[in-house]
Amino acid sequence: MELRRVEESVFRVLMILSLLIVVGSLLAVIGTILWKGLPVLSIDMITKTAEGGYFLGKGGGILNAIVGSLYLAAGGTVLAFFLSIGIAFYLQKEYSGGTKLSNLTRLSLDILWGTPSIVYGAFGFTVMMYFHMRASLLGGIIILAFLELPIMTRAMEEVLKTVPRELKEVSYSLGATRLETTLRVVSKQALPGLMTGVLIAFGRGIGDAASILFTAGYTDRIPTSLFDATASLPLAIFFQLGTPSPQVQQKAYASAVILLVIVLAISITTRFLSRKYTKYIIK
Amino acid sequence: MSETHIQIDNVNAYYSGHPALKNISVKIPKKQITAIIGPSGCGKSTLLKCMNRLIDLTDGITYSGKILIDNEDIFDRKTDIINIRKKMGLLAQKPTPLPMSIYENIAYGPRIHGIKKKADLDTIVEKYLTLVGLWEEVKDRLNSPASQLSVGQQQRLCLARGLAVEPEIILCDEPTSALDPISSQHIEQQLLKLKNEYTIVIVTHNIHQAMRLADYVIHLYLGEMVEHGPADEVFENPKDERTRAYINGTFLADVKIDKVIDTKGNQCPYNFVYAKQALHSLEKGQTLKMIVDDPTAVTEVPRGMEADGHVVLSVKQKNITDWEIVIKKKG
Ligand SMILES: Nc1ncnc2c1ncn2[C@@H]1O[C@H](COP(=O)(O)OP(=O)(O)OP(=O)(O)O)[C@@H](O)[C@H]1O
Ligand SMILES: [Mg+2]
């Protein structure tokens, strides 16, 4: 009896400890960034593109990186979305029937999920070299789409699985086809979850540096076509931190604040928009 | 008997090889209410789902035989199942509104079958909501989520939604088991009204409900059809012992027991004698429950009592050794 009570309290302490570690590290990360970044954050940083020699402490801002990152992540997410939604629907029983091919697809996605992003970058670089292409927005978008694909697809698949079987049965019993059921009932019920999947993937896309280092390149200008190289926030942070000048290093933290704000803003807006549809969901 | 609407012919169904339906052959009459009764797990839902082939969605299911609706075999792979399903409305056990507004729930079916004009859809929505007695309650909030309705209202909405595709048959799987008594009564009244126009098949656990509604009864037991026939015949004079036990057994919950005797440890004929003495002390029409553990008594006591003109309401095994016999004194 005594031993069981001791076990119980030891376990409790462990749980509280892990909770504290999680919350603590989150607060520590955000705190550090804000503490170091906020003082140097200026209007110039978000309204001006980098001037020549920005990384040596010259003037200008990182608008080129902000816009570049938005282009890259938005493009990558949209591209990944169209691929993911198809794969996720296919992986449902009604379509694939739980065949070998669907299991193989799942396995491949899981392996891709675990693949470090530098590997994606290196792969993209090799392919682009082969075709004699220079680093470009398009290259970055494609690589990011592949990076986001496994996360998005697996998240969506899990969400689709949670759609109650009864709902599908209702739709079929009314004489709907599989496609009608999928598009008009299943995706409506799953919408908030699908959006979360997209958001998580977007978050990974906009925050990744390694995969776009060689594929999207880096430049001081805002890209005007898909074939221009483009700057990005993660790389801006990376390069700024890597300079010898302490002022420029500080700006890296300010850039991180901007990145954080973008991710938060997009997450909040999406949630707000999706609320309009979630009210119909059957619990 | 009236015209046959659904002819079930030698249907067998297996879940991953385990038989759930064995050689079911029965004709379901047109524009009548047919009740499928039987204990839990006997295959009622399986049989119902065969009729619109929703059973196809289940993993590991195999089935054989024929189900003819309007001379079309719906088990035939060549049959257009979409059209078959359109002929049948389904009312499930748990009210299941679609994730849409009240209006869209009704309009969903007609829309996928090609009705696009708003005015036509408006007419349909009003017509079927009125038919199930929901129109007055919801006409001011047609665009609010269907999930906000009460459970009873949701079930009526589901009925209206099924009717909106203009089926000929309504399949119900325990449609009132999740509802309160008033809502259940409401649904039952709807079904009675609808049987003038539709063939209705209802799975129910509730024998009283079956008695109130059914014109025709099918009794399933462990995947077999042990009895079927017009409701009054089956209920008043069941031919099969298992049907009698089932009908009596479910009645028993309502029966007031006036006296209980325990004759455990006694052999025949002593337990029979004790029971007769106990009955003697009761008024006409009162009931006696006796507990026995002598295997011979389980069959002989009921037989003897019936010979004396008493009514044996039920014989049930309570545990490995004990049986319970409920007898109503003649009167
Ligand atoms: N998806 C399934 N996989 C495997 N076995 C199943 C499945 N569904 C039902 N069964 C089995 O088939 C038999 C018949 O099931 P069914 O659901 O038709 O019974 P039921 O008469 O509707 O029971 P209830 O009154 O409890 O709803 C049961 O023994 C059940 O365990
Ligand atoms: Mg059932």
Side-chain angles (χ1 to χ4, degrees), chain A residues 85 89-103 106 156-157 159-197 271 273-283, chain B residues 45 48-49 51-60 80-114 143-149 154 157-158 161-167 169-173:
Chain A
I85 195 94
F89 279 141
Y90 167 77
L91 286 177
Q92 296 311 104
K93 276 234 189 56
E94 293 93 316
Y95 289 95
S96 62
T99 51
K100 286 222 177 71
L101 183 59
S102 69
N103 288 332
R106 255 181 228 115
M156 286 179 168
E157 193 208 346
V159 169
L160 290 178
K161 256 194 222 156
T162 64
V163 172
R165 182 198 153 112
E166 289 85 8
L167 277 184
K168 299 182 202 169
E169 288 191 352
V170 165
S171 176
Y172 290 125
S173 77
L174 292 167
T177 59
R178 270 189 320 196
L179 186 65
E180 284 161 345
T181 305
T182 304
L183 294 184
R184 295 178 185 221
V185 176
V186 175
S187 46
K188 269 204 186 108
Q189 174 75 6
L191 191 72
L194 295 179
M195 281 190 165
T196 310
R271 255 156 231 268
L273 288 178
S274 76
R275 193 158 333 139
K276 187 164 163 264
Y277 300 96
T278 53
K279 67 174 187 181
Y280 291 114
I281 292 214
I282 308 297
K283 298 235 171 52
Chain B
S45 301
L48 198 76
K49 282 187 184 173
M51 295 186 206
N52 61 1
R53 285 237 326 253
L54 265 190
I55 197 82
D56 288 5
L57 300 184
T58 311
D59 285 339
D80 176 13
I81 194 62
I82 301 294
N83 254 329
I84 295 288
R85 290 196 181 130
K86 189 173 170 291
K87 278 189 193 172
M88 294 184 245
L90 177 74
L91 199 54
Q93 174 167 9
K94 208 174 120 235
T96 316
L98 292 169
M100 309 164 185
S101 66
I102 296 173
Y103 181 97
E104 287 301 326
N105 257 275
I106 308 287
Y108 180 80
R111 248 193 238 281
I112 57 179
H113 295 299
N143 289 320
S144 56
S147 52
Q148 283 175 2
L149 295 172
Q154 285 182 17
L157 180 75
C158 294
R161 180 182 62 198
L163 296 176
V165 294
E166 307 194 325
I169 299 165
I170 306 172
L171 305 174
C172 317
D173 194 347

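Below, chains carry the letters A, B, ... as their sequence lines are ordered, and counting in each starts from 1.
Using a 4.5 Å heavy-atom threshold, the side chains of A:Glu157 and A:Gln92 count as touching. Counting heavy atoms from C-beta outward, B:Pro99 and A:Val185 have side chains that approach closer than 4.5 Å. In this structure, A:Pro164 and A:Ile282 have side chains that are not in contact, with every pair of non-hydrogen atoms separated by 4.5 Å or more.
Interface residue A:Leu167: backbone and side-chain heavy atoms are both found under 4.5 Å from chain B. With a 4.5 Å cut-off on non-hydrogen atoms, A:Arg184 touches chain B through its backbone and its side chain both. For B:Asp59, the part lying near chain A is the side chain, with the backbone staying farther off; criterion is any non-hydrogen pair under 4.5 Å. For B:Arg161, the parts sitting under 4.5 Å from any heavy atom of chain A are the backbone and the side chain alike. Heavy atoms of A:Val170 lying under 4.5 Å from chain B belong exclusively to its side chain. Both the backbone and the side chain of B:Met100 come within contact range of chain A, judged by heavy atoms closer than 4.5 Å. In this structure, no portion of B:Lys94 lies under 4.5 Å from any heavy atom of chain A.
If you tally non-hydrogen atom pairs under 4.5 Å between each of A:Arg165, A:Glu166, A:Lys168 and chain B, the highest count goes to A:Arg165. The candidate with the highest count of non-hydrogen atom pairs below 4.5 Å against chain A, out of B:Ser147, B:Gly89, B:Ser101, is B:Ser101.
A donor-acceptor pair under 3.5 Å links the side-chain atoms of B:Arg85 to the main chain of B:Arg53, judged by distance alone. Side-chain atoms of A:Ser96 come within 3.5 Å of backbone N or O of A:Tyr90 as a donor-acceptor pair. Side-chain N or O atoms of A:Tyr95 include one that pairs as donor or acceptor with a backbone N or O of A:Arg178 at under 3.5 Å.
Taking CD1 of B:Ile169 as the reference point, atom CG of B:Leu90 lies at 12.0 Å (rounded to 0.5 Å).
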